[in-house]
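What follows is a single structure, written as structure tokens, with notes after it.
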Number of protein chains: 2
Amino acid sequence: MQPTDAQLPSRRLAHQLREAITSGELPPGAKLPSERVLAAEHGVARNTAREAIRLLAEEGLVTASHGRGVFVREKRRLLRFGSERYSRTTRESTGLSPYRAEVARQGRTARVECTSITRTVPPVDVAERLGVDPESESVVRRENWYYADDEPVQVGITYIPWEIAGGSVLATSAQMGKGSLYARFEELGHAITTVREEVTARMPTPEETRGLAVPDGVPVLDVLHTGIDQDGRAFEVTRFVMRADLNGLDYRMPVEQ
Amino acid sequence: MQPTDAQLPSRRLAHQLREAITSGELPPGAKLPSERVLAAEHGVARNTAREAIRLLAEEGLVTASHGRGVFVREKRRLLRFGSERYSRTTRESTGLSPYRAEVARQGRTARVECTSITRTVPPVDVAERLGVDPESESVVRRENWYYADDEPVQVGITYIPWEIAGGSVLATSAQMGKGSLYARFEELGHAITTVREEVTARMPTPEETRGLAVPDGVPVLDVLHTGIDQDGRAFEVTRFVMRADLNGLDYRMPVEQ
DNA sequence: TAGTGGTCTAGACCACCAT
DNA sequence: TGGTGGTCTAGACCACTAT
């Protein structure tokens, strides 16, 4: 398995370091030799050693820490989110929101912050899925930040048609109370019966990199979630942006014949 | 919305270019000024202009093409894969595999190449899901490459317990015939009834970057798919690795009450 | 052949961190 | 304070693409 351009000094050095990491010689958490030491030992300029490290960081194998050194990235345990997290049984047995239930299950501490609730114009993809006017202030927008052990792991922007949310706690209160969001929807006549989740991945924007403290070489999962009620009506759309090194999705579905 | 470190020359230049791209002044496909021109115009060294471009490439906004220039990345249409692609109805109405059906639907040309069929030791996560011995040569491994208009878009490695595949076409033939893989499983007594898909994202390995021709700043979706039959038995596990700029997943599921 | 990106050098100074 | 990564400079040569 030859790496690309084995004859280039930066690639050769990256290759050697990669081997040391994947073989376990440099285990997760280990500190790499400093850029200056690598350069001297391999007879290259410091910038060349730096380029080698950049390649590894881009692959997600190492992370650099200013003033401390470069370290082999630790394997982080994934928070797994499955479709069963929306079930009423889960909701009622724990009294927790889907997110809190999963984090608690892993013995970690969950925190959710609702940072804003506004009435606004929906993005086109959201308007399409909700079947609302994409040009009027027809939705309530709720922005939620999700933390595990005080580390930010996800952001979720929920859009609810004004027709549904207007006048209810959904449009006014950050606190959702027992059973959380979906219990309130059910009281309003919308029981979540079907979920649709459209998943893709991409590199984070500069804002997301900052807000979620995404390390170099880590993408985000971009999940467009739609909640559909017993009448087939889409009553809520949420765009989740999740650090891909800390989150995974776990879907289990019947196959229609 | 301040970018990080607005006072650094490379970040300032990256910021200006980013604005030009997101505002539409530099539309998808547009060519950026050359590194040397950017450097001269902004009074910085060429390496600094280069660093600005690297930042944008890392975000997935531009791609550099050796000898040609740096271009604003075109928005690519996503191939969308939903769970309904496994249904017998879809299979029988089109006679196509799930992949071919989706690509055809978009008016593109599908090609699937089965590059190897071997009997081997399964990876631990696969063995776990199949309930087979992780230390013996207990599975058939099939490697498939998926193309759309001759561009590689996915790889799938399918593992099937030897107990199920042994002696059948699944263990010997690259061609699956009408109705594809799942029709053959059904003939062997395993009708796909439930699918489980565990999804995460990461940066591609050097091999994947080469094999899938993944551009800079594009992650891959890593999907561990399990096919489960009418008796609740896992009869097949496939690890899909998909270019995230060309593929999306679209799940629609009932919520158990 | 001219222009582009890709790599490399050998320095310099700054910012951060541990001691 | 000394060692670390982060950024920048001003060159050089190579590899690729278009003309």
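The figures that follow rest on heavy atoms only: side chains count, while hydrogens, waters and symmetry mates do not. Naming: A, B, ... by sequence-line order, numbering from 1 per chain.
Note: CZ (A:Arg50) to C1' (C:dA12) measures 14 Å, nearest angstrom. Atom CG in A:Asp216 sits about 14 Å away from atom P in D:dG5, given to the nearest Å. Atom-to-atom, NZ of A:Lys31 to P of C:dC17 comes out at 14 Å; the value is rounded to the nearest Å. Put simply, CD on B:Glu51 is 13 Å from P on C:dG6, counting in whole angstrom units. Rounded to whole angstrom, the span from the CG atom of B:Leu8 across to the P atom of D:dG5 amounts to 18 Å. Straight-line distance from the CG atom of B:Leu38 to the P atom of D:dC8: 14 Å, rounded to whole Å. One can place CD of B:Gln7 at 14 Å from C1' of D:dC8, the figure rounded to the nearest angstrom. Taking atom CZ on A:Arg68 and atom C1' on C:dA15, their separation rounds to 15 Å, with Å as the unit.
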Could you go through B:His225 and B:Tyr86, starting from their C-alpha distance and side-chain angles, then the distance that decides it, and tell me whether this counts as ring-ring contact (aromatic ring centres under 6.0 Å, His included)?
CA-CA 12 Å; B:His225 162 279; B:Tyr86 296 111; 4.9 Å; yes
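For B:Arg129 (side chain) and B:Asp125 (main-chain N/O), a donor-acceptor pair under 3.5 Å exists by modelled atom type.
A donor and an acceptor atom, one from each side chain of B:Glu207 and B:Thr209, are nowhere located under 3.5 Å apart.
Note on B:Ser34: a side-chain N or O is less than 4.0 Å away from OP1 or OP2 of C:dT4. Under 4.0 angstrom from either OP1 or OP2 of C:dC8 there lies at least one side-chain N or O belonging to A:Ser10.
Residue A:Thr48 places its side chain closer to C:dT9 than to any other of D:dG5, C:dT9, D:dC8. The listed nucleotides are C:dT9, D:dT4, D:dG6; the one nearest the side chain of A:Asn47 is C:dT9. In this structure, of D:dT9, D:dG6, D:dA18, it is D:dG6 that holds the atom nearest to the side chain of A:Glu35.
On a pure distance criterion of 3.5 Å, a polar donor-acceptor pair joins the side chain of B:Arg36 and the base of C:dG5. Side-chain atoms of A:Arg46 come within donor-acceptor range of the base of D:dG6, with a qualifying N/O pair under 3.5 Å.
Proximity of B:Leu56 to B:Leu17: side-chain heavy atoms (C-beta onward) are separated by under 4.5 Å at one or more points. With contacts defined as side-chain heavy-atom distances shorter than 4.5 Å, the pair B:Gln154/B:Phe81 qualifies.
Of the two residues near DNA chain C, A:Gly43 and A:Ser65, the one whose nearest nucleotide lies more 5' is A:Gly43. Between A:Gly67 and A:Val44, the residue anchored closer to the 5' end of DNA chain C is A:Val44, taking for each the nucleotide with the nearest heavy atom.
Ring stacking is absent between B:His66 and C:dG6, as the pair misses the limits of under 5.5 Å between centres and under 30 degrees between planes.
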